[in-house]
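Step one of this worksheet: look at the structure below.
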There are 2 protein chains.
Amino acid sequence: MNFQQLRIIHETVRRNFNLTEVANALFTSQSGVSKHIKDLEDELGLELFVRKGKRLLGLTEPGRELSAVVDRMLMDARNIKSIAEQFSNKDHGQLTVATTHTQARYALPRVVTRFKQAYPRVHLMLHQASPGEIAAMLLDGRADIGIATEALAGVSDFVSFPYYGWHHAVIVPAGHALEAVTPLTLEAVAEHPLITYHEGFTGRAKIDETFAQAGFTPDIVMSALDADVIKTYVELGLGIGIVASMAYDAERDRALRMLPSDHLFGENVTRIAVRRGHFLRGFAYRFIELCAPELSEAVVRGALRPETGSDGPF
Amino acid sequence: MNFQQLRIIHETVRRNFNLTEVANALFTSQSGVSKHIKDLEDELGLELFVRKGKRLLGLTEPGRELSAVVDRMLMDARNIKSIAEQFSNKDHGQLTVATTHTQARYALPRVVTRFKQAYPRVHLMLHQASPGEIAAMLLDGRADIGIATEALAGVSDFVSFPYYGWHHAVIVPAGHALEAVTPLTLEAVAEHPLITYHEGFTGRAKIDETFAQAGFTPDIVMSALDADVIKTYVELGLGIGIVASMAYDAERDRALRMLPSDHLFGENVTRIAVRRGHFLRGFAYRFIELCAPELSEAVVRGALRPETGSDGPF
DNA sequence: GATGCTTACGATACCCGTAAAGATA
DNA sequence: TATCTTTACGGGTATCGTAAGCATC
């Protein structure tokens with residue numbers, strides 16, 4: 001058993017069992033990949049992959065069990081390298097933060113600025129992605145920190161922390177009839193064509209839920225991934241918008257009005273997540289602390305620990 | 001980085017940084033060991049070991065961080081092999097249970113008999129050891145299951161479960177004056193020379209505690225590792241004994257009397273422990289279940305899971 | 001002087017990639 | 001037929017063990 005074999009197993013699962021693709025991803029030959037798999041299977045004395053003739057189709061049951069362990073070993077191999085870097089180049093390295101448009105655009109600029117000042121030699125990669133993609137990046141180690149409102153809570157491989165809470169708000173073109181409705185009601189909003197976020201993005205679930213519970217079926221004429229797009233179409237008069245309130249800027253968005261709406265929609269909580277078992281450099285803890293001062297390194301490390309002292313359920 | 005290097009790092013720490021010994025333990029040459037360490041240090045760009053001239057003395061700080069990860073990787077490597085065996089030879093393999101004299105002699109015979117019947121082809125190694133040694137064996141994978149009254153609870157690397165509770169009892173030679181004292185009191189016991197367990201064995205701490213709290217300082221004239229030795233000397237009249245009550249057998253121990261003592265000493269709880277992250281074969285779960293029926297595979301697996309669903313302290 | 005670590009060097013085994021052949025869609 | 005996997009084979013590299021050289025105790 002060697003690391004190349006483990007990498008191959010891992011990548012084979014990731015790449016849908018196409019060994020040619022695996023070979024390319026690992027910068028080696030298909031023949032080598034094929035042989036490595038065979039060697040490992042021989043060594044272990046069982047088949048890891050379901051085959052149909054010469055094609056690989058999926059994992060066998062032992063393959064599935066094994067794959068989980070392999071993933072953890074590869075994570076640890078990355079961890080070893082991170083630890084080494086941590087000590088050889090204290091303030092030098094790379095930090096990958098995976099986050100959504102909304103956070104990258106409205107919440108993080110403040111944090112990134114301060115982080116850059118504190119760690120000028122750290123290469124900060126702000127990777128913009130969908131919530132699902134963020135989770136995937138954390139899982140396979142492509143990202144160190146994930147920040148999003150969706151998809152991060154309740155995954156047992158992650159530890160996540162609340163970053164900040166926010167509300168949706170209704171935006172309308174200046175002079176729109178809704179401006180006169182005070183206080184604003186869901187019923188009034190539901191009468192107009194709506195433009196808001198895609199499903200699975202920026203609290204869209206909460207919006208749908210709110211209307212459903214109140215018994216209204218809004219006419220969502222368009223959905224977008226980010227508030228900038230939504231605002232553009234609201235300005236064009238295609239409908240009224242529902243966006244995260246921090247996306248409205250009275251200075252820039254002269255043609256729009258934001259209507260007080262905190263009472264309409266429930267609070268959303270944006271979370272910061274890291275993968276359990278993923279080694280974090282010192283400056284990664286600093287980044288989290290810059291987001292939310294209460295999330296000190298001690299707090300985060302404490303939450304990452306396997307379990308606090310106790311002994312099972314007894 | 002390769003597995004041989006990791007094994008060498010691990011073994012170097014275990015063997016007090018004597019590379020010659022490490023080489024012997026791993027059945028390789030000392031020169032190879034030396035080179036592997038150097039290669040890995042070069043690859044990582046830092047020193048893992050504190051050196052004084054040519055001698056290795058200990059781990060550097062990065063070495064310590066790394067060592068923990070290395071240990072987990074080697075554990076996973078063993079896990080992979082266990083998983084493979086699990087599937088290639090379902091009812092065939094080895095199970096190592098590390099336990100103390102008391103458990104091996106009085107609690108486990110019943111379990112072992114039934115286990116042997118159910119899994120005749122599993123090689124069961126019942127390894128008798130001190131509580132500390134049991135913990136060490138679990139930690140480095142030499143044992144699958146540990147059973148003892150001491151040293152297993154409250155270690156975060158373990159998950160432990162209560163197996164059964166028991167009390168100490170006073171034993172005396174037949175015809176001893178104490179037989180007349182009913183109910184038996186600590187004060188009366190403390191007036192006689194005592195023979196009981198060594199410190200750190202079979203609830204000795206609880207005995208000391210009980211006397212201390214009652215304000216007596218018993219005269220412990222002898223301590224032994226197991227009840228058989230204690231009983232031998234009690235028979236010889238060197239003193240009265242305090243042993244686990246299940247160690248007394250009215251049939252065999254004709255020359256001795258056990259005095260009702262449940263009210264004198266608190267309850268001891270013998271625990272079953274397994275190491276977090278150590279893969280257990282199906283029959284290992286069966287063994288635990290034979291010990292205590294409520295500890296089903298589902299229960300044990302549930303307790304071994306990293307954490308139950310939730311997301312850190314928030 | 002005994003033990004222990006490092007370096008040098010030659011033999012071996014392992015890993016990789018090319019190429020050809022066989023299987024699958 | 002095009003795509004994909006396996007097998008065969010040769011070249012290169014890394015690993016291993018012997019042996020010699022040097023510190024440390």
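Numbers restart at 1 for each chain; the letters A, B, ... are given by sequence-line order, proteins then strands. Since we're looking at a predicted model, the values are computed, not measured.
- Distance CD (B:Glu21) to C1' (C:dC5): 15 Å, rounded to an integer number of Å.
- For the OP1/OP2 pair of D:dA14 and a distance below 4.0 Å, the side-chain nitrogens and oxygens of B:Asn2 include no atom meeting the criterion.
- Regarding contacts with the backbone of D:dA23, every side-chain N or O of B:Arg51 stays at 4.0 angstrom or more from both OP1 and OP2.
- Checked against the 6.0 Å centroid threshold, A:Tyr119 and A:Phe115 count as a close aromatic pair.
- Distances shorter than 4.0 Å separate some side-chain N or O of B:His36 from OP1 or OP2 on D:dC16.
- Rounded to an integer number of Å, the gap from A:Ile37 CD1 to D:dT5 P is 9 Å.
- Other residues, nucleotides and ligands contribute more than 12 heavy atoms inside 6.0 Å of the NZ atom of B:Lys116.
- Contact annotation: A:Gln4 reaches the phosphate of C:dC16 (side-chain N/O to OP1 or OP2, under 4.0 Å).
- Here the nucleotide nearest the side chain of A:Arg55, chosen from C:dG17, D:dC4, C:dG4, is D:dC4.
- D:dG17 atom P lies 11 Å from atom CG of B:Leu26, rounded to whole Å.
- Following rounding to the nearest Å, A:Leu56 (CG) and C:dT24 (P) show an atom-to-atom distance of 12 Å.
- Nearest-nucleotide positions on DNA chain C place B:Thr20 closer to the 5' end than the other of B:Thr20 and A:Phe27.
- Straight-line distance from the CG atom of A:Leu19 to the C1' atom of C:dC16: 16 Å, rounded to whole Å.
- Nearest nucleotide to the A:Thr28 side chain, out of C:dG17, C:dG4, C:dC16: C:dG17.
- For the OP1/OP2 pair of D:dT6 and a distance below 4.0 Å, the side-chain nitrogens and oxygens of A:Ser34 include at least one atom meeting the criterion.
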Decide side-chain hydrogen bond (donor to acceptor under 3.5 Å, both in side chains) for A:Asp140 and A:His10; before the verdict, give the C-alpha distance in whole Å, the side-chain angles of both, and the deciding distance to 0.1 Å.
CA-CA 10 Å; A:Asp140 61 17; A:His10 176 77; 5.6 Å; no
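- To the nearest 0.5 Å, atom CZ of residue B:Arg142 and atom OG1 of residue B:Thr96 are 10.0 Å apart.
- Backbone-only engagement by B:Lys38 is indicated by non-hydrogen atom pairs under 4.0 Å involving sugar-phosphate atoms exclusively.
- The two residues B:Leu304 and B:Arg275 make their nearest non-hydrogen contact at CD2-O, 4.1 Å.
- Considering only the side chain of B:Ser31, C:dT7 comes nearest among D:dT15, C:dT7, D:dT6.
- A:Asn24 places its CG atom 11 Å from the P atom of C:dG17, with the value rounded to the nearest Å.
- Taking 4.0 angstrom as the limit, B:Asn18 places none of its side-chain polar atoms (N or O) nearer than this to OP1 or OP2 of C:dT3.
- In this entry the distance linking CG of A:Asp39 with P of C:dC16 reads 10 Å, nearest Å.
- Residues B:Thr102 and B:Thr100 have side chains that never bring a donor and an acceptor to within less than 3.5 angstrom of each other.
- Distance CD (B:Gln30) to C1' (D:dT24): 14 Å, rounded to an integer number of Å.
- Across all strands, B:Lys35 comes closer than 4.0 Å to no nucleic acid atom at all (heavy-atom distances).
- Counting any heavy atom pair closer than 4.0 Å across all strands shown, B:Phe49 reaches no nucleic acid atom.
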